[in-house]
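Have a look at the structure below before the remarks.
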Amino acid sequence: MNLYTNVRKNISKTYLLIIIFIIFFGIFGYILSYYFQNESFIYISLIYALISSFIGYWFSDKIVLSMSNAKLIKHDDNQELYHLVENLCIATGMPNPKIYLIEDESPNAFATGRNPKHAVICVTSGLLKILNRSELEGVIAHELSHIKNYDIFIASLVVVLATAITWLSQIVLRATSWNTNSRDDDQNSSFTIFYFFIIIGFAILSPIIASLIQLAVSRKREFLADSSAALITRYPEGLISALQKISNYTKPMAKINDYTRNLYIADPAKQKVTWFNKIWLTHPPIQERISALSQIDINKKIS
């Protein structure tokens, strides 16, 4: 799969995700309208889905940065970092992304935005402290790869849609509970109770499904971004050393949002890998990524 094929697939997946999201809420709204005996729930659900999709497409980067408490840094704030990013962008033929900083001792980084022209790279203060130049180049090249491959397009949208699903699920659970308590016994027919359990099932399973989508979107892309970063820098040892240092720092980030965890280069929660929780991890284990990087031959082209 070459770069352009990968970009087209990511863009197609994003639009497909939006369509599925709208259809999902249309069905959900239909079930709610029957249970509450009010057709307006269909329209409310569809409007909610459309607004969430619109916000996710145009403002996902701002929402993610706000969730992460990130601050914009200018050229004079860190000239070395700015020049490093600029040089890598020249090498890859990409426009310069905005650079943000999170004041946190835990080393980490992520990229967000809807396309390379509207992209952001965010690093923690801890990352800048512990990495040398070649290691930092590896991390920035990794994030630029996410931008160039349009991984950020779908990953950032998933953050917003997953948040929207969870919020609506919580509202529906409360409203359904209130409606059930307020009904007369004669109204609680077996058919209505059946719909009640369907609604509860939707509300409970929706956040879980959203989390699984986040996992599926994020984990596969990390290996590709790692290999792309090695080709950009021509020095995979830099990213290998950076990942090792990030892995060795065991203290999690101070502010962790479950919806943005999949965006980072490494799990900000520092969750330990076990056979039981491996399927739920937002990132592939660092050692697996290091092993894959160690096998890369930079003299061979990777399409």
Side-chain angles (χ1 to χ4, degrees), residues 65 68-92 94 96-112 119-148 151-152 218 221-256 260-271 282-294 296 298:
L65 292 169
S68 307
N69 198 28
K71 306 296 181 184
L72 178 67
I73 58 175
K74 300 179 180 179
H75 176 271
D76 293 338
D77 296 329
N78 194 321
Q79 294 185 22
E80 183 179 358
L81 176 62
Y82 254 82
H83 293 158
L84 186 151
V85 174
E86 286 175 348
N87 290 338
L88 288 173
C89 286
I90 291 171
T92 55
M94 295 174 58
N96 294 334
K98 293 181 180 179
I99 304 174
Y100 278 71
L101 178 72
I102 298 175
E103 289 292 344
D104 197 299
E105 291 299 314
S106 184
N108 226 317
F110 69 84
T112 186
V120 169
I121 286 180
C122 187
V123 298
T124 65
S125 55
L127 186 81
L128 300 180
K129 286 181 181 179
I130 71 169
L131 299 189
N132 60 36
R133 184 176 178 83
S134 63
E135 293 165 345
L136 188 58
E137 279 184 340
V139 170
I140 298 300
H142 173 100
E143 299 306 333
L144 287 175
S145 298
H146 278 313
I147 294 171
K148 194 167 187 176
D151 294 335
I152 58 170
S218 64
R221 313 316 305 170
E222 294 304 315
F223 287 109
L224 178 59
D226 286 343
S227 61
S228 298
L231 290 177
I232 292 171
T233 62
R234 311 297 294 176
Y235 187 67
E237 290 81 4
L239 181 55
I240 289 173
S241 180
L243 289 174
Q244 194 64 63
K245 284 185 177 180
I246 293 171
S247 177
N248 291 340
Y249 193 94
T250 57
K251 186 178 179 181
M253 291 183 65
K255 185 178 180 180
I256 301 171
T260 60
R261 281 175 63 180
N262 64 304
L263 297 179
Y264 286 85
I265 190 171
D267 183 14
K270 300 292 181 180
Q271 188 175 2
T282 57
H283 296 72
I286 292 290
Q287 291 307 316
E288 290 184 13
R289 295 169 64 183
I290 290 175
S291 177
L293 279 166
S294 301
I296 290 178
I298 61 172

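- Evaluation of the side-chain hydrogen bond (donor to acceptor under 3.5 Å, both in side chains) rule for N248 yields Q244 as partners, not counting sequence neighbours.
- When the side-chain hydrogen bond (donor to acceptor under 3.5 Å, both in side chains) test is applied to D226, the partners found at least two apart in sequence or on another chain are H142, R289.
- From D151, atom CG reaches atom CG of N262 across 11.0 Å, with rounding to the nearest 0.5 Å.
- Under the salt bridge (charged side-chain N to carboxylate O under 4.0 Å, His left out) criterion, E103 pairs with no residue, sequence neighbours left out.
- A search for side-chain hydrogen bond (donor to acceptor under 3.5 Å, both in side chains) contacts involving S241 returns E135, not counting sequence neighbours.
- Among residues two or more places apart in sequence or in another chain, the side-chain hydrogen bond (donor to acceptor under 3.5 Å, both in side chains) test is passed with T92 by none.
- Judged as a side chain to side chain contact (heavy atoms under 4.5 Å, CB included), and not counting sequence neighbours, the contacts of I130 are P107, K245.
- Not a single salt bridge (charged side-chain N to carboxylate O under 4.0 Å, His left out) links K74 to another residue, sequence neighbours left out.
- With sequence neighbours excluded, the residues that form a side chain to side chain contact (heavy atoms under 4.5 Å, CB included) with S291 are Q295.
- Taking L128 as the reference, N78, L81, L101, V123, L136 meet the side chain to side chain contact (heavy atoms under 4.5 Å, CB included) condition, with sequence neighbours excluded.
- Under the ring pair (Phe, Tyr, Trp, His ring centres under 6.0 Å) criterion, H83 pairs with H75, not counting sequence neighbours.
- The side chain to side chain contact (heavy atoms under 4.5 Å, CB included) check on A269 picks up I256, R261, D267, with sequence neighbours excluded.
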